[in-house]
Peer 1: 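This is the structure, below, for whatever I ask next.
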Amino acid sequence: MTTADVLSPNTGGTTMPVKQPKRRIPGWLKGAIWGLLAVGVLAIASYATGVNTLTSTNTAHTALRLALPILLCALGGLWAERAGVINIGLEGMMILGTWGAAWGAYHGGVWAGLISAIVFGALGGLLHAVATVTFNVNHIVSGVAINLLGLGVAKYLANLVFTPLSGNPRQSPPVPKFDTYSATFLSDWLSDLEKMQRVFISDLAGILNGLVTEVAPLTMIAIALVPISYLVLWRTRFGLRLRSCGENPVAAESLGVNVYLHKYVAMIISGGLAGMGGASLVLLAGGADYLENQTNNRGYIGLAAMIFGNWRPGGLLGGAALFGYADGLQLAGGGTAVLALLYGAVILLAVIVAVQLFRRQWIAAALGVFGAALLYAIYWTNDDLPSDLIPYTAHFVTLIVLAVASQRLRPPKADGALYRRGED
């Protein structure tokens, strides 16, 4: 007998087996497995279609740069919603961050620009907290107002400050960028592996090479914030209290937690992270200086990445990587590369269908077959995609992923609920 036997008082002293708890796979290991699976799918698609752009160093490097603002906004959404505040105003806070980054960097250098972006984003988060926490304004209404206000304030300030400097009210003067660093020895070795054109090995080398080449300090800070957020929110007393405000604020209040304070702190951090996302658009090498409408709805995509990640730091990292990759691929390879990505999606759906058939989930398997057939038909009947649709690749991926992942989502129970101190 593999399980322990104990005496049961309800069965006259007979022995009953006690089931041992199932050993769960650690989250980091699950992420690594999914990452390797994704690389495998891309490798097969690249080999079958002859489009090496899918796993090239340039694509991976571009994807990393474009994933950063999405990742930082997703982290901002995580902090807010774990405290029970829906922050649909991430886009507006991000817009404030882009203006703050350009203004600060122009006058004081890149680090002053980063601090300025965090401050401007945090001010947007503070305003959202005043509206939703203190005055109990509907979270969606307040978030939409923050987005409109952020756009209007940035436009006004750009016209007031940047027009005398650049002669253009929609653009800042040139601002300094973060220096970049490369792991030279590792990069050279990975470049040699990539040139060998071996299935999976060269593909993995190309992706890794893009992640260690010309990396900015802001990039390293943003990636480090993922495990830091996990440790603070899930491994500290402060994090436990903050998450209790998003699950059951009344119970948290009864245990002595200052719910208002924790919601305010969460919203200020949320806005600061969104501001950092705006700074990544302005201060990273390869990006533009401040431009009007520069964020291009990345705040909303960051919110979608957080939802895709099921309100967990590791999950939203995967979502940001996916959306950033889709955006970077269309820039690096155009319509041909996006078509090749559709071929990879067909392969992935085939794997999912096989798993669903094994589990006897017939409806899910049928839907997977239909989706795979539709994507393959698009791939087979087109040599290229219309140029007008290519820039919206990340947006289409966002909609598809959220539709597929909606069945397994579990938001905080009191997310978006109105709360007044002393009320049940």
Peer 1: Within the distance-only criterion (no hydrogens, no angle test), does the side chain of Ser254 pair as donor or acceptor with the backbone N or O of Ala251 below 3.5 angstrom?
Peer 2: yes
Peer 1: Would Trp99 and Phe162 count as a close aromatic pair, with their ring centres under 6.0 Å?
Peer 2: yes
Peer 1: Between Glu194 (side chain only) and Thr57 (backbone N and O only), is there a donor and an acceptor less than 3.5 Å apart?
Peer 2: yes
Peer 1: Can a side-chain donor-acceptor contact be found between Ser191 and Asn209 if the only test is distance below 3.5 angstrom?
Peer 2: yes
Peer 1: Can you check whether Asn258 reaches Tyr264 side chain to side chain, under 4.5 Å on heavy atoms?
Peer 2: no
Peer 1: Hey, is the main chain of Thr184 close enough, under 3.5 Å, to the side chain of Ser187 for a donor-acceptor pair?
Peer 2: no
Peer 1: Is there a side-chain contact between Leu151 and Asn293, using heavy atoms and a 4.5 Å cut-off?
Peer 2: yes
Peer 1: Is a side-chain donor or acceptor of Thr62 paired with a backbone partner of Gly328 at a separation under 3.5 angstrom?
Peer 2: no
Peer 1: For residues Asp203 and Ala43, report the shortest heavy-atom separation together with the two atoms involved.
Peer 2: OD2-CB, 3.2 Å
Peer 1: Would you name the heavy atoms of Cys73 and Leu90 that are closest together and state the gap between them?
Peer 2: O-CD1, 3.4 Å
Peer 1: Report yes if the side chains of Phe370 and Leu349 come closer than 4.5 Å at any heavy-atom pair, otherwise no.
Peer 2: no
Peer 1: So with a 6.0 Å cut-off around CZ of Arg410, is the heavy-atom count from everything else above 12?
Peer 2: yes
Peer 1: Would one find more than 12 heavy atoms of other residues, nucleotides or ligands at under 6.0 Å from atom CZ of Phe238?
Peer 2: yes
Peer 1: Does Phe200 reach the side chain of Leu204, with side-chain heavy atoms less than 4.5 Å apart?
Peer 2: yes
Peer 1: Looking at Asn310 and Arg312, would you say the former's side chain and the latter's main chain have a donor-acceptor pair under 3.5 Å?
Peer 2: no
Peer 1: Nearest 0.5 Å, please: how far is CG in Leu348 from CG in Leu37?
Peer 2: 6.5 Å
Peer 1: Evaluate Leu281 against Met94 for side chain to side chain contact (heavy atoms under 4.5 Å, CB included), listing each step before the verdict.
Peer 2: CA-CA 10 Å; Leu281 293 172; Met94 192 178 185; 3.7 Å; yes
Peer 1: Is it possible for you to check whether Arg243 lies under 6.0 Å from the centre of the six-membered ring of Trp311, through NZ or CZ, and within 45° of that ring's axis?
Peer 2: no
Peer 1: Count the heavy atoms of every other residue, nucleotide or ligand shown that sit under 6.0 Å from OH of Tyr343, and state whether that count exceeds 12.
Peer 2: no
Peer 1: Going through the distances and angles, do Tyr325 and Leu42 end up as a side chain to side chain contact (heavy atoms under 4.5 Å, CB included)?
Peer 2: CA-CA 12 Å; Tyr325 175 79; Leu42 291 176; 3.6 Å; yes
Peer 1: Hey, are Thr132 and His139 close enough side-chain-wise for a donor-acceptor pair under 3.5 Å?
Peer 2: no
Peer 1: Counting N and O atoms only, with roles assigned by atom type, does the side chain of Thr59 sit under 3.5 Å from a partner on the main chain of Thr55, one being a donor and the other an acceptor?
Peer 2: no
Peer 1: For Leu193, does its backbone N or O pair with a side-chain atom of Ser202 as donor and acceptor, under 3.5 Å?
Peer 2: yes
Peer 1: Can Leu126 and Met267 be said to form a side chain to side chain contact (heavy atoms under 4.5 Å, CB included), step by step?
Peer 2: CA-CA 6 Å; Leu126 177 61; Met267 280 309 308; over 6 Å; no
Peer 1: Keeping the roles fixed (side chain from Thr163, backbone from Asn159), state whether a donor-acceptor pair exists under 3.5 Å.
Peer 2: yes
Peer 1: Please determine whether the number of non-hydrogen atoms from other residues, nucleotides or ligands lying under 6.0 Å from atom CG of Leu255 exceeds 12.
Peer 2: yes
Peer 1: Quick one: pull up CG in Leu123 and NE2 in His128 and give me the separation to the nearest 0.5 Å.
Peer 2: 14.5 Å
Peer 1: Does the side chain of Tyr300 pick up a donor-acceptor pair with the side chain of Asn147 at under 3.5 Å?
Peer 2: yes
Peer 1: Report the C-alpha separation of Val265 and Ile268 in whole Å, then their side-chain angles, then the decisive distance to 0.1 Å, and conclude whether the side chain to side chain contact (heavy atoms under 4.5 Å, CB included) test is met.
Peer 2: CA-CA 5 Å; Val265 171; Ile268 292 173; 5.9 Å; no
Peer 1: Could you check if a side-chain atom of Phe120 sits within less than 4.5 angstrom of a side-chain atom of Val153, using non-hydrogen atoms only?
Peer 2: no
Peer 1: Of all the heavy-atom pairs spanning Leu218 and Ser280, show the shortest one and how long it is.
Peer 2: CD2-CA, 3.6 Å
Peer 1: Distance from Tyr419 atom OH to Glu253 atom CD, nearest 0.5 Å?
Peer 2: 3.0 Å
Peer 1: Give, for atom CG of Asn168 and atom CD of Glu292, the distance between the pair rounded to the nearest 0.5 Å.
Peer 2: 9.0 Å
Peer 1: Taking NZ, NE, NH1 and NH2 as the nitrogens, is one of them in Glu91 or Arg298 under 4.0 Å from a carboxylate oxygen of the other?
Peer 2: no
Peer 1: Is the number of heavy atoms from other residues, nucleotides or ligands within 6.0 Å of OH (Tyr106) greater than 12?
Peer 2: no
Peer 1: For Asp289 and Ser172, which heavy atoms make the closest approach, and how far apart are they?
Peer 2: CB-OG, 3.4 Å
Peer 1: With heavy-atom distances below 4.5 Å as the criterion, would you say the side chains of Leu242 and Trp79 are in contact?
Peer 2: yes
Peer 1: Does the side chain of Glu81 reach to within under 4.5 Å of the side chain of Ile86, using non-hydrogen atoms?
Peer 2: yes
Peer 1: Please name the pair of heavy atoms, one in Ala337 and one in Leu54, separated by the smallest distance, quoted to 0.1 Å.
Peer 2: O-CD2, 3.7 Å
Peer 1: Look up atom CH2 in Trp34 and atom CG in Leu322, then write down how far apart they are to the nearest 0.5 Å.
Peer 2: 11.5 Å
Peer 1: Mind listing the closest non-hydrogen atom pair of Trp234 and Pro313 along with its distance?
Peer 2: CZ3-CD, 3.6 Å
Peer 1: Whether the side chain of His262 engages the backbone of Ala83 through a donor-acceptor N/O pair (distance < 3.5 Å, no angle test) should be reported.
Peer 2: no
Peer 1: Taking atom CG of Leu375 and atom CG of Leu341, what is their separation to the nearest 0.5 Å?
Peer 2: 9.5 Å
Peer 1: Would you say that more than 12 heavy atoms from the other residues, nucleotides or ligands in this model lie under 6.0 Å from the NZ of Lys155, or not?
Peer 2: no
Peer 1: Find out whether Leu316 and Leu71 are in side-chain contact, i.e. whether some heavy atom of one side chain is under 4.5 Å from a heavy atom of the other.
Peer 2: yes
